Amino acid sequence: MTYLANIGRYGLMLMEMFKKPTKWGVMKKLILKEIDELIFSSLGIIIFISFFIGGVVTIQTALNLTSPFLPKSLIGFATRQSVILEFAPTFTSIIMVGKVGSYITSSIGSMRVTEQIDALEVMGVNSLNYLIFPKLIAMLFYPFAIAISMYVGIFGGWSAAVFGGYAPTSEFIAGIQEDFVVFHVVYAFIKSLVFAMVIATLPAYHGYYLKGGALEVGKAATTSFIWTSVVLIILNYILTQLLLG
Amino acid sequence: MIEVQGLHKSFEGKAVLKNITTSFERGKTNLIIGQSGSGKTVFLKSLIGLITPEQGKIVYDGVCLLELERDEQRELRKAMGMVFQGSALFDSMTVEENVGFPLEMFTKLSKGEKKDRIDSVLQRVNLIDAHHKYPSEISGGMMKRVAIARAIVLNPKYLFCDEPNSGLDPKTAILIDNLIQEITQEYDITTLINTHDMNSVMEIGEKIVFLKEGELAWEGTKEEIFITDNQAVGDFVYASELFKNVRSVYIEKKNR
Ligand SMILES: Nc1ncnc2c1ncn2[C@@H]1O[C@H](COP(=O)(O)OP(=O)(O)O)[C@@H](O)[C@H]1O
Ligand SMILES: [Mg+2]
């Protein structure tokens, strides 16, 4: 299939997903389960990564600020900017494509190869709505995970600054409060929300339209990871240009 | 009653179903037989609307499936039950939840009423002590029973079974075949069963449609299948030495 045909089918899939909704009593349970599966169970890895990446950003900045004329608060400032603008929303999202995205592709893909999706359709269930819609709704909470990532990232930076002896607490805190632009946080949340929508649906597409057997499920998870990452990177560029450029 | 007229389906230019016309009566076990790859699964899935054929008409008791909108098709499907080749149980759900799933989705029954209905169909398929097990924890034969229970829980008018006894030992296979036939008669359902198993043909073949490379090569009853001189049917049936003998005994008995 050509790229264009795939894009078309992806669009149709998204539209079909909103038709003939599953009844609310059932959908509510599905959404709660997905929030647990996609958001809560990812917090551990998000916190772990954010803390250490924040620390590394701080160390790198400190090591590059060798001139004695530059204030130490710049370390805090640079850490805050990098974490809020890029590391929390983008870096975390790429990790999430690996974790959540491959989980979505392989769980939906294995339902496809074992005819569980056909079974849903035979019963008269809109399988796209049943399987993907709750993931999309659950991922609306993703910006909260990114907010946590921001806090922890900056906290990681502070820890590295203080315990590595690169900057005292007072200077670091002054740095993270310097020239604070609220829109930068808004920009980061807009980005995370867009990424969340892609992470919920593009890997699902790869699983849903899978053909073949168990081997193809593994392959689809890989293909899905690559394409979803590529799409995120491109969207990151476009959104940055549009919102900050 | 399901009527099929001039059904045609191809994949990437290769015809898989070629101009099939036939009909299936209510209260009977209708068998679709043929070698692997002869188009049985594609035929069944086309009838249900999971695969859209290029040409043809599929009429469910007067209602033309292919003239319905996608949502209307989904409504009609609530009157259908299907047992998939690999059972297709939801592996994140217990046996009880699998069987109760259509009730949960489409009825307003109370918890107690659902429980009663689940118990009664599970009892009907002779499964009484597996309610809380997951599909990965039960045997293939039990999975088939659960799949049948799930397919009949909403009292369907039409039941489709894709190779319901493949992968089962001969004894369990016959039990499953008989179970499907009993259910068909008890609830007066139009039942279609895909199989390549001659034992099933002998057990429950009330009407048999023989597919060869996507063509309807022969149709008839299990009595007729042994005396037909259709070459293709002969090749299929008498691939097994046993059935050559069965045939001679059968003809002998008939002539006596
Ligand atoms: N989705 C599909 N795409 C392409 N070819 C298919 C597809 N589904 C089935 N076929 C082909 O159609 C033929 C009939 O398949 P099938 O109905 O599964 O056979 P059976 O169930 O009788 O073993 C096979 O040659 C198979 O390769
Ligand atoms: Mg088949």
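Quick caveat, the model's predicted, so the values are computed rather than measured. Because only heavy atoms are used, hydrogens play no part in the values below, and waters and symmetry mates are left out as well, while side chains stay in.
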Taking [X] for its side chain and [Y] for its backbone only, find out whether a donor-acceptor pair lies under 3.5 Å.
| X | Y | value |
| --- | --- | --- |
| B:Arg145 | B:Val125 | yes |
| B:Lys18 | B:Glu213 | yes |
| B:Asn165 | B:Leu168 | no |

Flag if over 12 foreign heavy atoms under 6.0 Å of [atom1], [X]:
| X | atom1 | result |
| --- | --- | --- |
| A:Leu242 | CG | yes |
| B:Glu25 | CD | no |
| B:Gln123 | CD | no |

Which one wins on heavy-atom pair count under 4.5 Å against chain A: B:Phe106, B:Phe160, B:Phe84?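 Going by pairs under 4.5 Å, I would pick B:Phe84.
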What part of A:Val125 lies closer than 4.5 angstrom to a heavy atom of chain B: side chain, backbone, both or neither?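 Contact with chain B: backbone and side chain both.
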Using heavy-atom distances under 4.5 Å, tell me whether B:Leu89 contacts chain A through its side chain, its backbone, both, or neither.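 The answer is the backbone of B:Leu89.
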For chain A against chain B, give me the donor-acceptor pairs closer than 3.5 Å, one per line with atom names and distance.
unit_1, atom_1, unit_2, atom_2, d
B:Lys45, NZ, A:Glu115, OE2, 2.9
B:Lys45, NZ, A:Asp118, OD2, 2.9
B:Arg74, NE, A:Glu121, OE1, 3.3
B:Arg77, NH1, A:Glu121, O, 2.9
B:Asp91, OD2, A:Gln116, NE2, 3.1
B:Glu104, O, A:Lys23, NZ, 2.6
B:Thr107, O, A:Lys23, NZ, 3.0

Is the closest basic N to carboxylate O distance between B:Glu67 and B:Lys57 below 4.0 Å?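 B:Lys57 and B:Glu67: not salt-bridged.
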